Amino acid sequence: MSKVLKFGGTSVGSSANMRMVAEIIKGENAKVTVLSAMSGTTDSLVKISSLAKNKEDITPVVSFLSDKYTTCVRELLTDYQAAALEKCEQVFSGIANAAASYDGPSTERQILAQGELLTSAIFTFYLKEIGYKAKLINIPDFMFVDENGKVDTDKLKNIKREIETGDKDTFFVTQGFICTNAEGKLDNLGRGGSDYSAALIGAAIDSSEVQIWTDIDGMHNNDPRYVENTYPIRKMSFDEAAELAYFGAKILHPATIQPCKEHGIAVRLKNTMNRNAEGTLITNDGDSQKRFHAVAAKDNITVVRICSARMLMAYGFLRQVFEVFENHKTSIDMITTSEVAVSLTIDNDLNIDSIVEDLKPLGKIEVERNSAIICVVGKIGYSQAGLAAHILESIKSIPVKMISYGASARSMAFLVDSEYKKEVLRLLNNNLFNLC
Ligand code: ASP
C-alpha cells in the first residue's frame, strides 16, 4: 500500500532541508510527495498581491523571494540548474505581470499559487539530479473545487490512473494548497491547506498512510510556545486529533482528519529536523487511555449572545438562529443555551454586522470579541464523578464565560477572555497531566 508524504514550508525552506526531504521520501518509499511552498513564500505572495491591489511597488518583495529561490537552486542543482533558474525567471516575471494588471481576487489567487508551483518544480529537478525517477504532477489538473469550495473527489481519483502509469519506483511530486475553481482558474484550499491536499490525495489513491512532516515531534499535549515540559503524544484517535487540531494545535490542518478517517488511512505526524523521533500516529482506534490527554487553545473567538423571552417553551427557535449563521456561511463552534438566552461562538467574524442585523428580530443581541476556547481532550466520560469538577478546580482563579461538556466523552471546552489563555494552559498543565 502506498504512502503520501506532505512536507510543510520549513521542511522545504532551504537547499539543506530539501536534501533531507529527498532522503526521507526514499526511506519511507513515498508514492506521492506533496509540498508546501518554501517557508515565508505565501506570506510574501499575500503581501505582493496587496501591494499590487493598492498600486504600490512590489519590487522589494519580489526580489526578496526571487533571491531566496535562486539561492536555493544554485546550492542544490548543477545539471538542472539552468532549467530551474529559467523556471524561477518565468514564475517571477509571471508574478510581476499579474500584479501589473491586478484584477481582483482571481489575480490574488493566481499569485498565491506560485510558491507551491515553483517549490515542487525545483524539488523534482533535484530528485532527477540525484538519480531518482521522479515525475511532477500539476495538481490543478486533478484537484477541482466547486463554487462553494467543495473538492470534487471523483475527479481527483484520476490522479490514481496517472500514478499507475509510472514505474513502481517513480517518486511523484505535487503541490499542496492549490486547485482549480469552478471558473477554471487557479485557486487554493485556504491557508495551511496543504495538509488537506495530502489527505485528499491519500484518499484518492487508496493510500495506507498519510504522513505530515513539519518541524515539531508530533502533536504535543499542550502548546509548547506557552508551556514548558510539553511532550509529543504517541497515539491518538481521529476524533481526539480533530478536537485538538480544530481548537488550536497548529501542527495539523483540521480538515485533514475527515478524508483519512472516512477511508481508514492512518495519519502520522513527523519531524523533518528529527526524523528518528516517533511522532504521533492518528488512527481510528488510537483513543487515549489516559484520563487527560492534551489541551489546546484557539484565539480570536467572538461570542454572540441572543437574549429572548421568545425561547420560553417555544420550538424552532434554535433553528432560526442557526439559519442566520448558515445564510452567512459562518460556522458555529461552541453553544450553550438557557430558557432565556443562547450563547454561541464563531471564529470568523467577517459577516458579523449582517449576522447581528438578521438576529435582531429574535431578541437582544450582544457581541463580545477577544475570547479564547480552551479544549481538554481525554477520557472524560459522563459516568465518572468529579472529572469536570477537577478541570474547573484547576482553573478556579480564572473567570469562565462558557462551558461545553457532554457532547462527546472525549472533550470538555470552555471559553475565557484571551488575556487568560496562557495562564489557563499553564494551570491545566500543572493540574491535569500528573494523573493517569
Ligand atoms: N503555503 C500555504 C500557506 O502558507 C499552504 C500550506 O503551507 O499549507 O498557507
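This one's a predicted model, so the numbers in the text were calculated from it and none came from an experiment. Counting starts at 1 for both ligands and their atoms, following the listed order. Sequential numbering from 1 along the given sequence is applied to the chain's residues.
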For residues 112-119, which side-chain N or O atoms pair as donor and acceptor with protein atoms under 3.5 Å away, sequence neighbours left out?
residue, atom, partner, partner atom, Å
Q114, NE2, Q110, O, 2.9
E116, OE2, A37, N, 3.0
T119, OG1, M38, N, 3.1
T119, OG1, Y69, OH, 3.1
T119, OG1, G115, O, 2.8

Pairing of D43 and R191 as salt bridge, 4.0 angstrom limit: yes

Heavy-atom donor-acceptor pair, D417 side chain to E419 backbone, under 3.5 Å: no

Closest approach of any protein heavy atom to atom 6 (C) of ligand 1, naming residue and atom: S194 OG, 3.2 Å

F125 side chain near D79 side chain, heavy-atom distance below 4.5 Å: no

Any G115 heavy atom less than 4.0 Å from ligand 1: no

Numbered atoms and elements of ligand 1 in range of S36, under 4.0 angstrom, heavy atoms: 6 (C), 7 (O), 8 (O)

Do any side-chain atoms of residues 21-35 form donor-acceptor pairs under 3.5 angstrom with protein atoms, and if so which ones, sequence neighbours left out?
residue, atom, partner, partner atom, Å
E23, OE1, R275, NH1, 3.1
E23, OE1, R275, NH2, 3.2
E28, OE1, K3, NZ, 2.8
E28, OE1, Q211, NE2, 2.9
K31, NZ, K168, O, 3.0

G192-ligand 1 polar pair, N/O distance under 3.5 Å: yes

E116 and ligand 1 - part of the residue with a heavy-atom distance under 4.0 Å: side chain

Shortest reach to atom 3 (C) of ligand 1 by a heavy atom, considering only Q175, R191, M38, K6: R191

